[in-house]
Colleague: 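The structure follows.
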Amino acid sequence: MDENRQPVILDCDPGIDDAVALLLAARAPELKLVAVTAVAGNVGLDKTSLNARRVLTLAGVAVPVFAGASGPMFGEQVTADEVHGADGLLGIPAPEPTFPLGEGTAWDVIWQKAQEYGKELVIVATGPLTNLGIALVKYPELPSHIKRIVLMGGATDFGNTTPAAEYNIYADPEAADIVFRSGIPLVMCGLDVTHKAYFTQDEIDQLEALGTPQAVFAARTMGCGVEWHQRFLVPGAPMHDPCAMMYALEPELFEGISCWIGVECQGKYTRGKTVTDAYSDAKMSSGSNATLVTQVDRETFVAHLTERLAAYGMP
């Protein structure tokens with residue numbers, strides 16, 4: 001293993017914001033992207049596994065992509081194609097993949113890579129947590145092999161799919177519950193921070209002006225978020241999935257709280273809600289199981305994300 005590069009698996013459901021996270025990971029000099037695992041989420045598994053390879057082809061790398069779960073562990077499938085479009089990328093042009101889908105399932109690959117890299121492997125999860133839930137059930141020893149999971153999902157105060165729940169957790173609460181109870185060190189980049197990690201329209205225009213195919217593609221995926229998120233009173237496009245990837249790259253840009261976080265699986269109105277004692281007088285006796293990310297240095301976040309995408313124009 002290259003001592004200077006962090007081995008990472010990106011577990012994702014591309015999706016327009018997953019696509020930007022993929023572009024960040026593919027060119028990051030600090031990371032060794034050892035695999036991408038696709039899960040059904042924003043759109044169906046056939047499209048997420050295709051889109052992951054399309055974006056990696058755009059990035060100029062052939063990181064192996066493995067298909068995982070085609071639906072949640074329990075309950076009915078919930079997609080977000082009203083946000084991401086029927087193809088998952090809003091019809092924004094991207095090249096056809098130049099390499100095939102990898103052989104094997106996502107959860108088996110997660111276990112294999114965890115064994116290969118020992119306690120050094122980090123997983124960045126930007127979709128429903130079904131692949132990880134299945135991996136943890138199938139391989140009970142997995143938690144002792146994972147350094148950290150950085151995930152985009154959840155929120156403390158509000159939801160974006162229901163009044164209580166954020167999409168990635170709501171899409172498979174049971175899998176999320178397994179992950180949060182696994183004992184693996186967790187970092188939750190939920191709506192609390194992603195709505196603060198936004199690009200304004202001017203900043204998106206500056207990114208597009210870089211002119212590289214990757215920057216133009218990223219800017220076009222971001223552009224749809226400006227109007228969509230006006231209803232959340234966010235003055236720009238929130239960088240949901242890129243926020244988790246940027247945390248994995250530059251955690252010093254963020255602030256967080258060590259706390260307990262759990263997932264509500266049964267509530268009539270609150271199914272999929274992430275519940276935390278971070279702001280509660282009453283604390284869970286089991287203690288902290290996660291870092292709840294709450295703040296971001298937005299200006300530096302925007303500058304560094306833009307610089308990382310600008311690297312595609314460099315030799």
Side-chain angles (χ1 to χ4, degrees), residues 11-13 15 17 39-44 68-84 125-137 143 149-196 228-229 231-234 238 240-241 243-244 256-294:
D11 187 60
C12 56
D13 62 335
D17 48 348
V39 64
N42 290 321
V43 288
S70 59
M73 294 180 74
F74 300 95
E76 297 182 2
Q77 186 173 3
V78 180
T79 63
D81 51 5
E82 74 279 7
V83 177
H84 299 266
T126 60
L129 296 173
T130 314
N131 287 342
L132 285 170
I134 294 172
L136 286 162
V137 171
I149 296 173
V150 181
L151 65 94
M152 189 280 129
T156 60
D157 295 329
F158 59 97
N160 61 2
T161 300
T162 73
E166 178 277 332
Y167 171 76
N168 282 344
I169 306 300
Y170 182 77
D172 197 342
E174 284 78 15
D177 180 54
I178 291 169
V179 171
F180 275 89
R181 290 191 292 107
S182 69
I184 300 171
L186 299 176
V187 177
M188 187 179 100
C189 297
L191 302 180
D192 309 87
V193 68
T194 65
H195 279 199
K196 299 169 185 173
W228 180 262
H229 285 278
R231 65 175 178 157
F232 293 113
L233 303 180
V234 180
H240 296 298
D241 296 342
C243 196
I257 302 170
S258 179
C259 61
W260 175 85
I261 302 175
V263 179
E264 175 56 60
C265 296
Q266 300 298 325
K268 179 178 179 181
Y269 300 109
T270 58
R271 176 171 166 80
K273 180 175 177 59
T274 45
V275 181
T276 178
D277 65 1
Y279 306 112
S280 171
D281 290 337
K283 304 297 182 182
M284 295 294 289
S285 59
S286 57
S288 169
N289 67 339
T291 297
L292 170 67
V293 183
T294 58

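Bear in mind that the values here come from a model prediction, so they are computed numbers and not experimental data. Only this structure's heavy atoms are used, side chains among them; waters, hydrogens and symmetry mates stay out. One-based numbering along the sequence shown.
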Colleague: Would you check if the side chain of Tyr167 reaches a backbone N or O of Gly41 as a donor-acceptor pair within less than 3.5 Å?
Modeller: yes

Colleague: Between the side chain of Asn168 and the main-chain N/O of Met152, is any donor-acceptor distance below 3.5 Å?
Modeller: yes

Colleague: Against Asn42, only a single residue in Thr126, Asp241, Asp13, Thr79 fulfils side-chain hydrogen bond (donor to acceptor under 3.5 Å, both in side chains); can you say which?
Modeller: Asp13

Colleague: In this structure, which one of Leu129, Val179, Val187 forms a side-chain contact (heavy atoms from CB on, under 4.5 Å) with Ile149?
Modeller: Val179

Colleague: If we only count heavy atoms from C-beta on, is the Tyr269 to Pro163 side-chain gap below 4.5 Å?
Modeller: no

Colleague: Can you see which heavy atom on Met73 is nearest to which on Ala175, and at what distance?
Modeller: SD-CB, 3.6 Å

Colleague: Can Ile184 and Leu136 be said to form a side chain to side chain contact (heavy atoms under 4.5 Å, CB included), step by step?
Modeller: CA-CA 10 Å; Ile184 300 171; Leu136 286 162; 4.0 Å; yes

Colleague: Does Ala176 offer a backbone N or O that forms a donor-acceptor pair with the side chain of Glu174 under 3.5 Å?
Modeller: no

Colleague: For Ala290, enumerate each residue passing the side chain to side chain contact (heavy atoms under 4.5 Å, CB included) test, keeping only those at least two apart in sequence or located in another chain.
Modeller: Leu186, Ile261

Colleague: Do His195 and His240 have side-chain heavy atoms sitting under 4.5 Å apart?
Modeller: yes

Colleague: Output the distance between atom SG (Cys243) and atom CG (Asp192), rounded to the nearest 0.5 Å.
Modeller: 10.5 Å

Colleague: Donor-acceptor check, side chain of Asp172 to backbone of Pro128, threshold 3.5 angstrom: yes or no?
Modeller: no

Colleague: Heavy-atom count check: over 12 atoms from other residues, nucleotides or ligands less than 6.0 Å from Phe180 CZ?
Modeller: yes

Colleague: Evaluate whether atom OH of Tyr279 has more than 12 neighbouring non-hydrogen atoms of other residues, nucleotides or ligands under 6.0 angstrom away.
Modeller: yes

Colleague: Does Tyr170 reach the main-chain N or O of Ala164 with its side chain, forming a donor-acceptor pair under 3.5 Å?
Modeller: no

Colleague: Is there a donor-acceptor contact under 3.5 Å from the side chain of Lys273 to the main chain of Thr156?
Modeller: yes

